**Student:** 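Before I ask anything, let me first share the structure, which is written out below as structure tokens.
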Amino acid sequence: MSVRVRFAPSNTGHLHIGNARTALFNYLYARSEGGTFILRIEDTDRERSRDEFTDSIVEAMNWLGMSPDEGPVFQTDRMDLYRQKVDQLLEEGKAYRCYCTPEELEAQREQAIAEGRKPKYSGEWRDRTDHPEDAPYTVRIKMPLEGTITIDDMVQGEVTVDVDELDDFIILRSDGTPTYNFVVVVDDASMEISHVIRGDDHLNNTFRQVPVYHALGATPPTFGHLPLIDGLSKRAGSASVQDYRDDGYLSEALVNYMSRLGWSHGDQEIFTPEELTDLFGFDSVGRSPSNFDRDKLNWVNSEWMKRLPADEVARRWVPFLEDRGFSVDADDSLTAVAELMRDRAATLVELSEVSTYFFSDDFEYDEAAVEKWMKAQNRPAIENLIERLAALDEWTSDAVGSVYREVGDEFDLGLGNLAQPTRISLTGSTSSPSVFDLVATFDRDEAIERMQRGLQLLEQ
RNA sequence: GUCCCCUUCGUCUAGCCUGGUCCAGGACACUGGCCUUUCACGCCAGCGACACGGGUUCGAAUCCCGUAGGGGACGCCA
């Protein structure tokens with residue numbers, strides 16, 4: 001039997017990390033089994049569903065590299081199917097009309113809780129035939145009256161619940177719209193979903209849904225209930241996938257990090273998307289909830305900053321630099337900057353921060369550094385250095401390096417006396433990559449100009 | 001209240017099914033050191049956990065029972 005899985009978010013908000021992780025596990029399972037990954041939008045919430053959220057979810061999935069094979073399928077397009085199934089169950093006597101009012105139900109619920117009983121519908125209309133004329137009604141499904149229901153969950157193992165815990169829940173509201181627990185089953189059955197992989201907040205629902213499959217004459221799929229992610233506060237992770245993209249995270253890193261929330265493969269931490277689809281399996285999915293940890297995400301991202309080809313980093317970096325008002329192209333010179341700076345930044349945003357001096361000479365000189373390193377007595381050496389750099393045949397790190405060594409030898413100066421003033425002139429501070437690389441990564445005219453301007457700082 | 005799920009370093013986790021090789025391994029973070037023209041990277045080291053209590057056993061993180069704590073569900077929301 002071929003594997004067909006679906007990710008079924010409601011379009012009432014952007015795709016956040018918790019849902020993205022659920023989508024990812026569905027996607028990875030489909031890929032690892034050669035199956036089909038389907039996107040279904042649960043858009044039956046008239047009040048809150050919005051098309052723009054659908055677009056946002058699709059965009060986020062594309063960015064993460066897990067575009068669906070089928071869909072999006074919209075539930076609102078399938079209302080006729082749902083009503084038809086309700087009618088069918090009614091005719092077959094597997095469902096019935098209930099004329100209780102919401103007020104009556106609410107009163108019963110409160111009383112049950114007050115008496116310490118489980119709030120459950122009494123089932124009073126299950127066998128009644130004295131249906132009032134013209135009164136509003138809901139349709140309820142008949143749950144089995146005795147026995148237990150057991151599912152063999154891919155994550156949780158065997159879980160059994162006594163049907164005594166279940167009541168005849170509403171499948172069609174008095175306004176004629178179907179309810180969630182009914183609709184998911186109709187959809188999953190009709191779309192021939194083989195594996196339902198979702199958050200374990202749905203585990204209890206599953207026991208309500210299994211009898212619906214049976215009533216519909218369908219075989220329940222295999223279930224896999226993933227533990228939820230804790231600590232998804234505004235700050236920590238309930239932000240949208242796009243927020244992470246805008247914060248400068250790489251999609252590979254976010255996917256890598258999310259995959260490790262609840263899944264592992266020995267001691268391995270870094271996985272390429274290809275490795276993930278090869279190695280993913282429910283045998284290695286844990287049952288306990290995990291926490292979203294920004295520090296670890298940052299580390300994974302910093303690893304990916306180093307692993308991606310430098311020109312790819314440059315390409316993805318461009319919009320971040322443009323946001324800061326720098327007009328750049330993803331050309332060789334930007335690639336050179338990315339190559340030089342990338343292991344000093346955990347995100348593309350940080351990369352911009354640590355690299356601004358390449359794009360603007362409008363920076364402050366670090367006063368303490370100037371005080372310490374810009375000594376007037378080194379002027380002749382630095383001037384000589386600038387001259388020789390200007391005359392260099394080739395503008396490479398090695399060539400620049402030999403100039404520094406020659407000047408250092410001739411003036412009998414330690415390299416620091418040349419390197420630090422160079423750094424201050426080019427960047428404003430004394431922390432930067434190796435000076436030779438730094439100088440060579442700059443456009444030569446720009447480097448010379450800044451060094452000449454830096455000469456002014458030598459005045460005592 | 002009732003039912004379901006969960007519980008190894010601060011965090012993510014390996015180990016648990018098939019008890020001994022685990023005085024519990026890796027990673028992030030943190031601390032210290034090394035490298036070095038600065039900073040960063042990198043490398044090395046350190047810190048740090050089997051929720052608790054019973055049992056089974058020669059032996060338990062691993063098996064059983066209980067307790068506590070956390071999460072979820074119980075809707076004419078999804």
Side-chain angles (χ1 to χ4, degrees), chain A residues 8-12 42-45 47-49 75 98 100-102 105-106 109 112-121 136-140 153 155-157 159-162 164-167 169-181 183-184 199-208 225 227-228 230-231 257 260-270 283-284 286-300 302 306 341-345 354 369 373 401 404-405 408 414-420 422-424 427 429-436 438:
Chain A
S10 59
N11 56 346
T12 54
E42 317 241 303
D43 60 345
T44 52
D45 187 331
E47 301 286 295
R48 299 183 301 151
S49 288
Q75 291 187 320
C98 167
C100 292
T101 65
L105 262 15
E106 185 52 34
R109 201 181 346 266
I113 291 171
E115 290 172 10
R117 287 181 293 114
K118 189 179 178 69
K120 258 181 70 173
Y121 172 65
Y137 61 88
T138 59
V139 176
R140 289 180 183 268
D153 194 276
V155 177
Q156 311 288 343
V159 185
T160 299
V161 162
D162 199 301
D164 210 37
E165 299 299 324
L166 277 17
D167 62 3
F169 66 90
I170 293 173
I171 60 175
L172 192 76
R173 299 184 185 94
S174 52
D175 67 359
T177 60
T179 61
Y180 170 78
N181 275 123
V183 161
V184 258
D200 74 5
D201 50 337
H202 288 285
L203 185 56
N204 286 284
N205 282 153
T206 306
F207 298 96
R208 261 170 266 282
H225 286 95
L228 268 15
D230 279 348
Y257 179 70
R260 290 283 291 100
L261 255 22
W263 174 81
S264 63
H265 181 70
D267 289 338
Q268 189 172 344
E269 298 285 353
I270 302 299
D283 286 351
S284 306
R287 284 190 288 191
S288 52
S290 47
N291 274 74
F292 188 89
D293 181 16
R294 181 67 83 129
D295 284 336
K296 184 110 179 212
L297 203 216
N298 285 342
W299 174 76
V300 172
S302 72
K306 292 169 203 156
M341 303 303 286
R342 60 165 153 187
D343 62 1
R344 329 172 73 81
V354 298
W373 292 103
Y404 273 80
R405 280 185 249 278
L415 223 40
N417 291 298
L418 298 173
Q420 298 299 56
T422 302
R423 287 198 171 91
I424 292 166
T427 75
S429 87
T430 53
S431 54
S432 87
S434 158
V435 253
F436 312 151
L438 178 75

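Because the structure is predicted, anything quoted here is derived from the model rather than measured. Both backbone and side-chain heavy atoms feed into the values below; hydrogens, waters and symmetry mates do not. Here is how names work: the chains are called A, B, and so on, in the same order as the sequence lines, proteins then strands, and each is numbered from 1.
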**Student:** Which whole-number value in Å describes the distance from A/Leu415 CG to B/U36 C1'?
**Tutor:**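 For the pair A/Leu415 CG and B/U36 C1', the rounded distance is 11 Å.
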**Student:** Where the side chain of A/Arg140 meets the backbone of A/Cys98, is there a donor-acceptor pair that is under 3.5 Å apart?
**Tutor:**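 No, A/Arg140 side chain to A/Cys98 backbone: no donor-acceptor pair under 3.5 Å.
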**Student:** Determine: side-chain N/O of A/Ser290 to OP1/OP2 of B/U13, distance under 4.0 Å, yes or no.
**Tutor:** yes
**Student:** Taking only N and O in the side chain of A/Arg287, is any of them less than 4.0 Å away from OP1 or OP2 of B/C6?
**Tutor:**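 Yes, within the criterion.
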**Student:** Detail all sub-3.5 Å separations between protein N/O atoms and N/O atoms belonging to nucleotides 68-75 of chain B.
**Tutor:**
residue, atom, partner, partner atom, Å
B/G72, N2, A/Asn204, OD1, 3.4
B/G72, N2, A/Asn204, ND2, 3.1
B/A73, O4', A/Asn204, ND2, 3.4
B/A73, O2', A/Arg208, NH2, 3.4
B/C74, O2', A/Pro119, O, 3.1
B/G75, OP2, A/Arg109, NH1, 3.3

**Student:** Check whether A/Asp167 reaches the backbone of A/Tyr121 with its side chain - one donor and one acceptor, N or O, closer than 3.5 Å.
**Tutor:** yes
**Student:** Please produce a list of atom pairs where a protein N or O lies less than 3.5 Å from an N or O of nucleotides 23-29 of chain B.
**Tutor:**
residue, atom, partner, partner atom, Å
B/G25, N2, A/Asp267, OD1, 3.1
B/G26, N2, A/Glu269, OE2, 3.0
B/A27, O4', A/Glu269, OE2, 3.3
B/A27, N3, A/Lys296, NZ, 3.2
B/C28, OP1, A/Trp299, NE1, 3.4
B/C28, O2', A/Asp295, O, 3.4
B/C28, O2', A/Lys296, N, 3.3

**Student:** Would you classify A/Ser432 as touching base, sugar-phosphate or nothing, given that sugar-phosphate means primed atoms plus P, OP1 and OP2, and contacts are heavy atoms under 4.0 Å?
**Tutor:** base
**Student:** Expressed in angstrom and rounded to an integer, what is the separation of A/Phe169 atom CZ from B/C3 atom P?
**Tutor:**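 In whole Å, B/C3 P lies 21 Å from A/Phe169 CZ.
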**Student:** Do the side-chain N or O atoms of A/Ser174 get closer than 4.0 angstrom to the phosphate oxygens (OP1, OP2) of B/C76?
**Tutor:**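 For B/C76, neither OP1 nor OP2 has a side-chain N or O of A/Ser174 closer than 4.0 Å.
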**Student:** Considering only B/U38, B/C41, B/U13, which nucleotide approaches the side chain of A/Ser431 most closely?
**Tutor:** B/U38
**Student:** Expressed in whole Å, how much space separates the P atoms belonging to B/C63 and B/A14?
**Tutor:**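 Between the two P atoms, the distance is 15 Å.
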**Student:** Give A/Leu418 one of three labels, base, sugar-phosphate or nothing, depending on what nucleic acid heavy atoms sit under 4.0 Å from its own.
**Tutor:**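 Here A/Leu418 touches no strand at all.
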**Student:** Would you classify A/Thr44 as touching base, sugar-phosphate or nothing, given that sugar-phosphate means primed atoms plus P, OP1 and OP2, and contacts are heavy atoms under 4.0 Å?
**Tutor:** sugar-phosphate
**Student:** Rounding to an integer number of angstrom, what distance separates B/G54 and B/A68 when you compare their C1' atoms?
**Tutor:** 14 Å
**Student:** Reckon A/Gly199 touches a base, only the sugar-phosphate, or nothing at all at heavy-atom distances under 4.0 Å?
**Tutor:** nothing
**Student:** Assign A/Arg423 to base, sugar-phosphate, or nothing according to its heavy-atom contacts below 4.0 angstrom with the strands shown.
**Tutor:**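 Contact class for A/Arg423: base.
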**Student:** Is A/Phe436 touching bases, backbone alone, or none of the nucleic acid, heavy atoms closer than 4.0 Å?
**Tutor:** base
**Student:** Which value, in whole Å, describes the distance between the P atoms of nucleotides B/U7 and B/C47?
**Tutor:** 27 Å
**Student:** Between the base of B/U7 and the side chain of A/Ser288, is there a donor and acceptor pair under 3.5 angstrom?
**Tutor:** no
**Student:** May I ask you to check whether A/Tyr404 and A/Phe436 place their ring centres under 6.0 Å from each other?
**Tutor:**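 Centroid separation for A/Phe436 and A/Tyr404: below 6.0 Å.
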**Student:** Counting any heavy atom closer than 4.0 Å, what does A/Pro227 reach on the DNA or RNA strands: base, sugar-phosphate only, or nothing?
**Tutor:**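 The answer is nothing, as A/Pro227 stays clear of every strand by at least 4.0 Å.
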**Student:** Verify the ring-centre separation between A/Tyr180 and A/His202: is it less than 6.0 angstrom?
**Tutor:**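 Yes, the ring centres sit under 6.0 Å apart.
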